[in-house]
2 protein chains.
Amino acid sequence: MKRNSRLSLALHTLSHMAGGPDRLRTSSDIADHAGTNPVVVRRVLGKLRKAGLLISEKGHAGGWRLARQPQDITLADVYLALDERMVATQEKSEAPACSVEHALHKRVSSVLEEIEENLVQRLGETSIAEVRGA
Amino acid sequence: MKRNSRLSLALHTLSHMAGGPDRLRTSSDIADHAGTNPVVVRRVLGKLRKAGLLISEKGHAGGWRLARQPQDITLADVYLALDERMVATQEKSEAPACSVEHALHKRVSSVLEEIEENLVQRLGETSIAEVRGA
DNA sequence: TACTAATGCAACCGCAAAAGTTACAGATGA
DNA sequence: TCATCTGTAACTTTTGCGGTTGCATTAGTA
Ligand code: FES
Ligand code: FES
């Protein structure tokens with residue numbers, strides 16, 4: 001696959017599921033479709049399951065399906081479920097040598113934070129159903 | 001450093017320069033301040049120079065300074081200068097097995113593209129001067 | 001002219017994150 | 001009882017990126 005694959009994989013998979021929300025799909029099917037492998041799929045979808053976006057069923061004839069209606073799943077739900085931060089720094093205390101202008105440093109961080117929030121808000125305005133829709 | 005370091009480094013550096021726009025700073029000074037090394041700094045700032053945001057002067061007593069007034073440099077300028085794409089896939093033809101639903105695939109990509117554009121637009125609303133400002 | 005100090009750039013190293021892979025336990029329907 | 005699917009852990013492979021070294025070039029300065 002490529003970079004940023006997790007969000008991309010999640011979105012593509014959910015979009016497919018949006019048509020035929022009741023049909024169960026195995027991680028193997030999904031992996032074939034997405035050009036990756038079942039374990040990677042289960043890793044990503046597992047996060048979506050923990051976030052309550054998907055339901056998985058074990059055993060024979062098991063698989064994955066949407067936990068809600070497509071119109072009730074926003075891109076922000078997906079983004080947040082993956083727990084990545086694309087804009088803001090994944091802060092690790094990063095102490096700068098910038099002691100005198102420490103205020104400036106925090107200022108930069110907070111601006112980045114605002115941008116991140118804005119992104120999430122924007123993502124919240126589109127649902128999976130709309131992605132599929134048109 | 002950490003993840004997303006290029007945008008972060010660029011923003012911090014420009015913010016510092018916004019106070020004292022005429023003073024020349026060497027990549028070495030900047031590296032010390034940012035906790036990295038001169039070559040990395042020159043790599044990142046080089047992109048900003050190509051984008052016309054910075055001017056570098058070679059030779060003895062050379063260094064870096066802003067090419068424009070801080071209020072005329074937006075975060076979008078910086079983001080675009082670095083030529084990264086945080087949301088949209090850095091498309092590499094990624095041919096999906098998704099032949100039947102090819103339209104859906106493109107749809108997903110275009111949604112991601114819209115989000116990316118929205119991000120850039122948001123970044124365009126803040127200038128370096130404002131970051132420093134307050 | 002010689003010396004010093006800076007950028008610009010290419011080539012490489014090393015690390016860490018992420019994908020890919022293998023293996024297997026547990027669950028569940030046939 | 002068997003086949004099939006999830007859940008997870010452990011391991012390997014790939015890759016992006018910061019870090020490092022080296023050196024040509026440029027430009028002040030003595
Ligand atoms: S390191 Fe000085 S502002 Fe961030
Ligand atoms: S792979 Fe099917 S929509 Fe992208």
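What's counted below: heavy atoms across the whole structure, side chains too, no hydrogens, waters or symmetry copies. First the proteins, then the strands, lettered A, B, ... as listed; each starts at 1. Please read these numbers as outputs of a predicted model, since none were measured by experiment.
- In this entry the distance linking CG of Asp32(B) with P of dG19(D) reads 13 Å, nearest Å.
- You'll find a donor-acceptor pair under 3.5 Å spanning the side chain of Arg43(B) and the base of dG19(D), going by distance alone.
- For the OP1/OP2 pair of dT6(D) and a distance below 4.0 Å, the side-chain nitrogens and oxygens of Ser56(A) include no atom meeting the criterion.
- Remark on DNA chain D: of its neighbouring residues His60(A) and Gly46(A), the 5'-side contact belongs to His60(A), judged by nearest-heavy-atom nucleotide.
- Between the CD1 atom of Ile30(A) and the P atom of dT6(D) there is a distance of 8 Å, rounded to whole Å.
- Taking Arg25(B) as the reference, nothing meets the salt bridge (Lys or Arg N to Asp or Glu O under 4.0 Å) condition, with sequence neighbours excluded.
- Heavy atoms of other residues, nucleotides or ligands lying less than 6.0 angstrom from CD of Gln121(B) number 12 at most.
- The side chain of Val39(B) sits closest to dG22(D) out of dA30(C), dG18(D), dG22(D).
- As rounded to whole Å, 13 Å separates atom P of dT7(C) from atom CZ of Arg25(B).
- Pairs of residues two or more places apart, or lying in two chains, that qualify as salt bridge (Lys or Arg N to Asp or Glu O under 4.0 Å) and include a residue from residues 50-73 of chain A are Glu57(A)-Arg65(A), Arg68(A)-Asp77(A).
- Asp29(A) places its CG atom 9 Å from the P atom of dT6(D), with the value rounded to the nearest Å.
- Within 4.0 Å (heavy atoms only), Gly62(A) reaches sugar-phosphate atoms of the nucleic acid but no base atom.
- A close approach under 4.0 Å does not occur between any side-chain nitrogen or oxygen of Thr36(A) and OP1 or OP2 of dA19(C).
- A close approach under 4.0 Å does occur between a side-chain nitrogen or oxygen of Arg42(B) and OP1 or OP2 of dT7(C).
- Note on Arg49(B): a side-chain N or O is less than 4.0 Å away from OP1 or OP2 of dG8(C).
- In this structure, the nucleotide among dC17(D), dC5(D), dC9(C) sitting nearest to the side chain of Thr26(A) is dC5(D).
- Rounded to whole angstrom, the span from the CG atom of Leu82(A) across to the C1' atom of dA17(C) amounts to 16 Å.
- Here the side chain of Lys58(A) is nearest to one of dA18(C), dG29(C), dG26(C), namely dG26(C).
- Rounded to an integer number of Å, the gap from Leu54(A) CG to dG7(D) C1' is 15 Å.
- Straight-line distance from the CG atom of Leu7(A) to the C1' atom of dA18(C): 15 Å, rounded to whole Å.
- In this structure a side-chain-to-backbone donor-acceptor pair under 3.5 Å is missing from Gln71(B) to Ala129(B).
- Within the 4.0 angstrom heavy-atom criterion, only backbone atoms of the sugar-phosphate kind lie near Ser27(A); the bases stay farther away.
- Closest to the side chain of Val40(B), from the set dG19(D), dT7(C), dG28(D), is dG19(D).
- Judged by closest nucleotide on DNA chain C, Pro38(B) is the one of Pro38(B) and Val44(A) placed further toward the 5' end.
- Under 4.0 Å is where a charged nitrogen must lie from a carboxylate oxygen, and between Glu117(A) and Arg122(A) no such pair does.
- Checked by atom type and distance alone, the side chain of Arg107(A) pairs as donor or acceptor with a backbone atom of Glu130(B) at under 3.5 Å.
- At whole-Å resolution of the value, CD in Glu57(B) and C1' in dT25(D) are 16 Å apart.
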